[in-house]
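Letters A, B, ... are given to chains in the order of the sequence lines, protein chains preceding strands, and every chain is numbered from 1.
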2 protein chains.
Amino acid sequence: MQDQKRVTLKDVARETGLALSTVSNALAGKSLVKPETRAFVLATAERLGYRASIVARSLRAQRSFAFGVLIEDVANPSAAAFVRGVEDVAIGAGYTILLGNTDGDLERQVNAMRTLIDRQVDGLVLISQHLDDERVRSLLSKVPAVLVQRRDARVALDYVGSDNASGLNEALRYVWRIGHRRVGFVTGPLKSSSAQERLAAFRATAAELGFTDPESLIFEGRYSFETGLAAAGFFSSLPDMPSCIFGSNDLNALGLIQGLSERGIRVPRDVSVVGLDDIELAAIKAIDLTTIRLEKRAIGAAAAGLLLKRIDDPDQPMQTLILPTRLVVRGTTAPVDPS
Amino acid sequence: MQDQKRVTLKDVARETGLALSTVSNALAGKSLVKPETRAFVLATAERLGYRASIVARSLRAQRSFAFGVLIEDVANPSAAAFVRGVEDVAIGAGYTILLGNTDGDLERQVNAMRTLIDRQVDGLVLISQHLDDERVRSLLSKVPAVLVQRRDARVALDYVGSDNASGLNEALRYVWRIGHRRVGFVTGPLKSSSAQERLAAFRATAAELGFTDPESLIFEGRYSFETGLAAAGFFSSLPDMPSCIFGSNDLNALGLIQGLSERGIRVPRDVSVVGLDDIELAAIKAIDLTTIRLEKRAIGAAAAGLLLKRIDDPDQPMQTLILPTRLVVRGTTAPVDPS
DNA sequence: TTGTAGGCGTTATCAG
DNA sequence: CTGATAACGCCTACAA
């Protein structure tokens, strides 16, 4: 059960009777080693159970073959999907993932970033925020980094996000087609760029299509179920309720549906509801949420891909990748009652 | 935007005019350094932006101050909650988390374990399986490890799980009290010890309370929504349907509910359903699932705690921690119709 | 083709 | 109290 001593290069050298460097070269597959020597070394290494120490290699190479991934909370399903996407490509490229949860707290994030940099991660994937903080920005200059879902004009970094604008545009056109004219919108936290983008997209399309008084139908909140509940209170108290309401994410939408139903308002009969995200359970019949699907795992994978390229060539121009979204029509939207 | 060169101890030594070792001692807060020297060193280090390299320290100390966490898939919400729990205590103790997804695949798991060990993680949290594999067991002997949720008689390791037996016992007693006598059970994958435990607990309590013919009401499946759907087909085709069915996890239960409803069977009016897990959304009104709650984050935290203790003293006796579960009664269970 | 000699950044030991 | 030196395990010039 104990940690038996590591087998090192030196052990293999001693065992084979060869020099350290020969063993190292043989293991690295360098052509300067005679094939039979190489075979012998390989066999001996295998027999002794030799495995190179990545720690030593990292010190020597001044890089760790690891990525840091910073998120608010892995326990949040969307965040987990991103992480998974990052890992998908990281593993393939021989990288390991160091995970850090920030809980959205600035201090935790700064600490986590410091630790990750102290560990000499070769790159950082930041699915988080606080780009307005000076320390965060300064830390970001110390290591290749890719931003996911949220960006900031002050930081010029590779970025991967989803096409919130066209997603909302598509969905708003859809509800327009089925007759909705008064459409409400629940925002996310407006200091996050994704929430801003979604709100801006709502405004733009609402204006373009000519929805009725959209500005009065915006409820400001966060990406939470509770925000949805509160929004239901707000919208239901309006003299002229919207016939359709958009959440800024699926949790908003689910809270909205529950809040409405608690007030005797039926979805979609009385009000249609649209989410954004397409969480796993959105598809089950008990929920059956019409939503704008985000390809979170693909976004994470794309972020890792960008990071690999950036590490490979730190001076290449910054890239911005916007992945498409897709409207998934399910049971929480219905045509406006012609009555 | 570039990776400016690291400030090392040597730089601080040069800047202060002191010896390397003095600087190191000062930074480490050793009492052998004169307070004013120490203060001077600290100030200079701060000014230069010195941060110790964890990589170098790891090589020297032969430990990495990091935990490896192996799970099937972070994108699975329960797994993510475990990971979060592990991180909660790891961070507090100065450890970083290296994450590995196995997708339940043996080869991936072996590779991930190897990589983690090559990185000299100080301990492993294994929320996974394949303990029947020789290589896995041999790798587990190379590093302190804690098993979570699944164990194997052949591996004597620290273990943290939840009290499946008493959870099911409590829930079965509850449905007995409200009149159910024919109770079905959907199993998880029986090669997993948690699924076995749950099935065994069902059998034991069913026998004890005297449920009607429990053996004929067991449906073997996996921890998936699809299993629930299939189970609905099985149970509904029975000449004498159970009045209550237990899933082995919440996804089972949700699939079951959907499958039953597709066949015109209403929950809980016609059949009661009980889950196990208490996923985030189980509480929303649209789902409102009666379930046996597992404290996943607490389990992860307990695992990390055990690991810390084991690292601190590798020779202490093995520990097994069984965390309590709690029956959460919601809307998918109802008394048997007395008619 | 093989061997020797640093050095990556720390920390621990031991001498001054 | 401070400083020199070695060692952790690996890799890579360069020398033989």
C/dT2 OP1/OP2 closer than 4.0 Å to side-chain N/O of A/Ser21: no
5'-most contact on DNA chain D: B/Arg60 or B/Thr37, nearest heavy atom basis? B/Thr37
I want to verify a distance call: between D/dA6, C/dC8, D/dC10, whose nearest atom is closest to the B/Lys10 side chain? C/dC8
Spacing of B/Leu9 atom CG relative to C/dT10 atom P, expressed in whole Å: 4 Å
Does B/Ser138 use its side chain to pair, donor to acceptor, with the backbone of B/Glu134 at less than 3.5 Å? no
Rounded distance (Å) that lies between atom C1' of C/dG9 and atom CD1 of B/Ile54: 13 Å
Select one nucleotide: of D/dT12, C/dA12, D/dG9, the one nearest the side-chain heavy atoms of A/Ala56. D/dG9
Considering heavy-atom distances to DNA chain D, does B/Thr22 or B/Ala61 have its closest nucleotide positioned more toward the 5' end? B/Thr22
Starting the side chain at C-beta, find the nucleotide from D/dG3, C/dG9, D/dC11 nearest to A/Leu59. C/dG9
Using 30° and 60° as the class limits, which term best fits the ring planes of A/Phe65 and A/Tyr95: parallel, tilted or perpendicular? tilted
Integer-rounded Å distance: D/dC1 P and B/Asn25 CG: 12 Å
Value in whole Å for how far the P atom of C/dA12 lies from CZ of B/Arg63: 12 Å
Checking side-chain polar atoms at under 3.5 Å, does B/Tyr223 have a donor or acceptor matched by the opposite partner on B/Ser194? yes
Protein-nucleotide distance (A/Arg57, atom CZ; D/dG9, atom P), rounded to Å: 14 Å
Rounded to the nearest Å, what distance is computed from the NZ atom of residue A/Lys34 to the C1' atom of nucleotide C/dT1? 7 Å
Distance-only donor-acceptor check, side chains B/Ser53 and A/Gln120, under 3.5 Å: yes
State whether B/Ser24 places a side-chain N or O below 4.0 Å from either non-bridging phosphate oxygen (OP1 or OP2) of C/dT11. yes
Look at all strands and tell whether B/Val55 reaches a base, only sugar-phosphate, or nothing, counting heavy atoms closer than 4.0 Å. nothing
Is the phosphate of C/dG9 approached by A/Gln62 (side-chain N or O, under 4.0 Å from OP1 or OP2)? yes
Under 3.5 Å, side chain of B/Arg6 to main-chain N/O of B/Arg51, donor-acceptor pair present? yes
Given atom CG of B/Leu20 and atom P of C/dT10, what is their separation to the nearest angstrom? 8 Å
What's A/Ala28 touching, base or sugar-phosphate or nothing? Going by heavy atoms closer than 4.0 Å. nothing
Side chain of A/Ala19, heavy atoms from C-beta onward: which of D/dC8, D/dT12, C/dT4 has the nearest atom to it? C/dT4
Out of C/dG9, D/dC11, C/dT2, which nucleotide sits closest to the side chain of A/Leu32? C/dT2
Gap between atoms CZ and P, on A/Arg51 and D/dC10 respectively (whole Å): 12 Å
